[in-house]
Number of protein chains: 2
Amino acid sequence: MSTIKDVARRAGVSISTVSYALSGKRSVSEETRSRVEAAVRALRYRPNAGARILASARTQILALSAPMHDHTYPAAFMTFVRAVTQAAHDHDYDVVLLTECDDAACESISRVVSTGLVDGVVLMDVVGEDARVPLLRALGVPSAVIGLPEDREGMSCVDMDFGRAARMCVARLADAGCVQIGLVGQPQALYDRGLTFAVRFREAFQDECRERGLGAAVTTSDAPGAVARLRTSLHGLDAFVLDCGEYAVEQVLDELRETGEHRLVGAAQGLSIVVGGPSFDPGRFDPPLDAVPVDPVRSGSTAVSLLLGQVDGGTAESVELYAPSWVRHGSVRNGGGLA
Amino acid sequence: MSTIKDVARRAGVSISTVSYALSGKRSVSEETRSRVEAAVRALRYRPNAGARILASARTQILALSAPMHDHTYPAAFMTFVRAVTQAAHDHDYDVVLLTECDDAACESISRVVSTGLVDGVVLMDVVGEDARVPLLRALGVPSAVIGLPEDREGMSCVDMDFGRAARMCVARLADAGCVQIGLVGQPQALYDRGLTFAVRFREAFQDECRERGLGAAVTTSDAPGAVARLRTSLHGLDAFVLDCGEYAVEQVLDELRETGEHRLVGAAQGLSIVVGGPSFDPGRFDPPLDAVPVDPVRSGSTAVSLLLGQVDGGTAESVELYAPSWVRHGSVRNGGGLA
DNA sequence: TTGTAGGCGTTATCAA
DNA sequence: TTGATAACGCCTACAA
């Protein structure tokens, strides 16, 4: 491996000139610059990461804390991880992936931060009272949170507005003439863990139904039979909101299939269905389903931008809850009150 | 942030003594060691990553090249990524995740290697003629491949023996008395890309059926209707081998459900089904399915071990194809010829 | 058992 | 516009 010294010698200039020619942090004559560039190419020079980090106190690396536990949805995990790494690479950053949970997650974060391995930390999969949040604050490291922890003083957060998403689902169903709405929520464990997107969605769903005087029932997607469970507590059910994983959506459709009701999804006299906040494609079900999907790319790139803003000396504390948008596939009657 | 200098001063020893006390690379008296440790705790000292990397030419970081394209299975991706990061952490290594595909994947790899950011590279999702393989060889960097590229001279590879897995599926079905076997393979795109596990499985399936004089038919899982397609080309179908994604497995079961055949899966006169090489749980289907699953933890930890062996000066070139093992859930009649 | 000191490859300050 | 040179923080021969 050739070093900056070799480049300097070959280009007939000093080391510092090479450094500046490459970083552009001070002006260099056109002629020297091209001599330096030629030498760089000839020697296939690449600045050494360790030396650069030591001298500049910038690593061009950020940590992504993406804890993986039994209830992690693979599709969501993958999509968000991809979005964050993509956004990071767009800004010439690499990503160190930390997959531990709970205490081990905190230990990993403190290790990479306090050894100076990373310039900042992105948090995925946050819960209401997330131990990583006070940790990041204590460490005083640039950071961004995908999700909405309770305690967000001084934190930068980004997420879809799941409350608004739930209200949007209810509103459209109501506009379409539905009056008895059942929610198939996440597995109970997610609420117990306090995953904020799930909690926010469910609460807003109930609030909106109450405010509109609609019948509402709620169940979780731990076991099959969600449709039957909802029907026992709410008669005349005419719409479903599915805030659950891909597989649970399939189970609901299977249940409807047994009675042939799946053929009437979206029909004037049939059931209406909408999926809340999926990170998978709601159009590939049979029948295709309307949805209010999250936007992982937006979440990821916003998180990275918020983070890098702090690295460059900016301030933190900004919460970006972006508006949900509706994706129509015809599973809500009357086109969701708009047709 | 306190440095090794602060620790040395506080402990009343020299810098090198602190270094040695912490690394254990030379003996230190019990008394000084404890004084050093006390100082480390008091100052919350953590060695600086950049400095350590620069001085030691070891980064304790490895790159995981896990290209994400449209056909990537989320569950498999997640499981393997987790396994690799877990194994790396067990060896005090961090993982830089590279998600780009094709040329961009190669560029990322050469960047992190030639800047000296990583000590080695793990490859996931390799295809037969994978451009990353010759690249790694040219770079002369420690590496390990999860999968089996054509050209593996000087490479360390690990994977389940998918050929043997396919033969095992056929053998058990044959032992159970099945004579007409249909394979639902991966989407065509995976074969076109040359993903080795898919190709190896399919070829071995066909070979084994031929050698045993069994009827065999093959289709892909691009579109629903796999069962019907197989039946048009093979009459009297009595067994299925499913080497495909989770969703495609569901579709096959749905198809059988329409005719009520799903109730006879595994029965003496019914259909037999086995899933080849899944990284998802085959027991959660209805009915639960027998399978010959991959072992992502084994693949990941073996890959990391092979890699770190090279970092410590060992040699490369070793191919570990571990034997498949059968997971029984009752979807093959006669218990797979063993009951 | 411990200390001294050179070097790792950059960046950035200070002169020129 | 350019060049010396002092950090950056740690590791590790070499000495004692």
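Naming convention: chains lettered A, B, ... in sequence-line order (proteins, then strands); numbering from 1 in each chain.
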- Check every strand shown and say whether Arg46(A) touches a base, only sugar-phosphate, or nothing at a heavy-atom separation below 4.0 Å. sugar-phosphate
- Item | Pair of N/O donor and acceptor under 3.5 Å linking dA12(C) base with Ser19(A) side chain | no
- Message: Nearest whole Å is fine: how far is dT10(C) P from Met1(A) CE?
- Response: 11 Å
- Task: Send over the distance from Gln60(B) CD to dC11(D) P, rounded to a whole Å.
- Result: 11 Å
- Task: Could you check which of dG3(C), dT2(C), dT12(D) has an atom nearest any side-chain atom of Ser14(B)?
- Result: dG3(C)
- Message: Mind checking if Ser23(B) touches a base, just sugar-phosphate, or nothing, with heavy atoms under 4.0 Å?
- Response: nothing
- Under 3.5 Å, is there an N or O donor on one side and an acceptor on the other linking the side chain of Arg9(A) and the base of dG3(D)? no
- Distance test, side-chain N/O of Ser16(B) to OP1/OP2 of dC11(D), below 4.0 Å: no
- Tyr20(A) atom OH is separated from dA16(C) atom P, nearest whole Å, by 16 Å
- Could you please name the option among dG3(D), dT2(D), dC10(D) that lies closest to any side-chain atom of Val28(A)? dT2(D)
- Task: Could you tell me whether the phosphate oxygens of dT12(D), OP1 or OP2, come under 4.0 Å of any side-chain nitrogen or oxygen in Lys25(B)?
- Result: yes
- Task: Starting from P on dG7(C), measure out to CD1 on Ile4(A) and report it in whole angstrom.
- Result: 19 Å
- Message: When you compare the side chains of Ser114(A) and Arg44(B), does any donor N or O come within less than 3.5 Å of an acceptor on the partner?
- Response: no
- Message: Between Arg111(A) and Glu107(A) (salt bridge meaning N to carboxylate O under 4.0 Å), is one present in this structure?
- Response: no
- Scan Ile15(A) against the nucleic acid and name what it touches under 4.0 Å (heavy atoms): base, sugar-phosphate only, or nothing. base
- Specify the separation, in whole Å, of atom CG of Asp6(B) and atom C1' of dC10(D). 13 Å
- May I ask you to evaluate whether Lys5(B) reaches the phosphate of dC10(D), defined as a side-chain N or O under 4.0 Å from OP1 or OP2? no
- Message: Rounded to whole Å, how long is the line connecting atom CG of Leu54(A) with atom P of dA12(C)?
- Response: 12 Å
- Message: Looking only at the side chains, is there a donor atom on one of Ser279(B) and Thr79(B) sitting less than 3.5 Å from an acceptor on the other?
- Response: no
- Could you check how far CD of Glu30(A) sits from P of dT2(D), rounded to whole Å? 10 Å
- So do the side chains of Arg152(A) and Val145(A) get within less than 4.5 Å of each other, counting heavy atoms only? no
- Query: Can you check whether Tyr322(B) reaches Asp295(B) side chain to side chain, under 4.5 Å on heavy atoms?
  - Reply: yes
- Query: Quick one: on DNA chain C, does Ala55(A) or Ser29(B) contact a more 5' nucleotide (nearest heavy atom)?
  - Reply: Ser29(B)
- Task: Compare the minimum distances between each of dT2(D), dG3(C), dC10(D) and the side chain of Thr3(B), then state the nucleotide with the smallest one.
- Result: dC10(D)
- Query: Under 4.0 Å between a side-chain N or O of Thr17(B) and OP1 or OP2 of dG3(C)?
  - Reply: yes
- Taking only Lys NZ, Arg NE, NH1 and NH2, and the carboxylate oxygens of Asp or Glu, determine whether Arg58(B) and Asp312(B) approach each other closer than 4.0 Å. yes
- Message: Can you say whether a donor on the side chain of Arg26(B) sits under 3.5 Å from an acceptor on the base of dT2(C), or the other way round?
- Response: yes
- Using whole Å, report how far CG of Leu117(B) lies from C1' of dT10(C). 15 Å
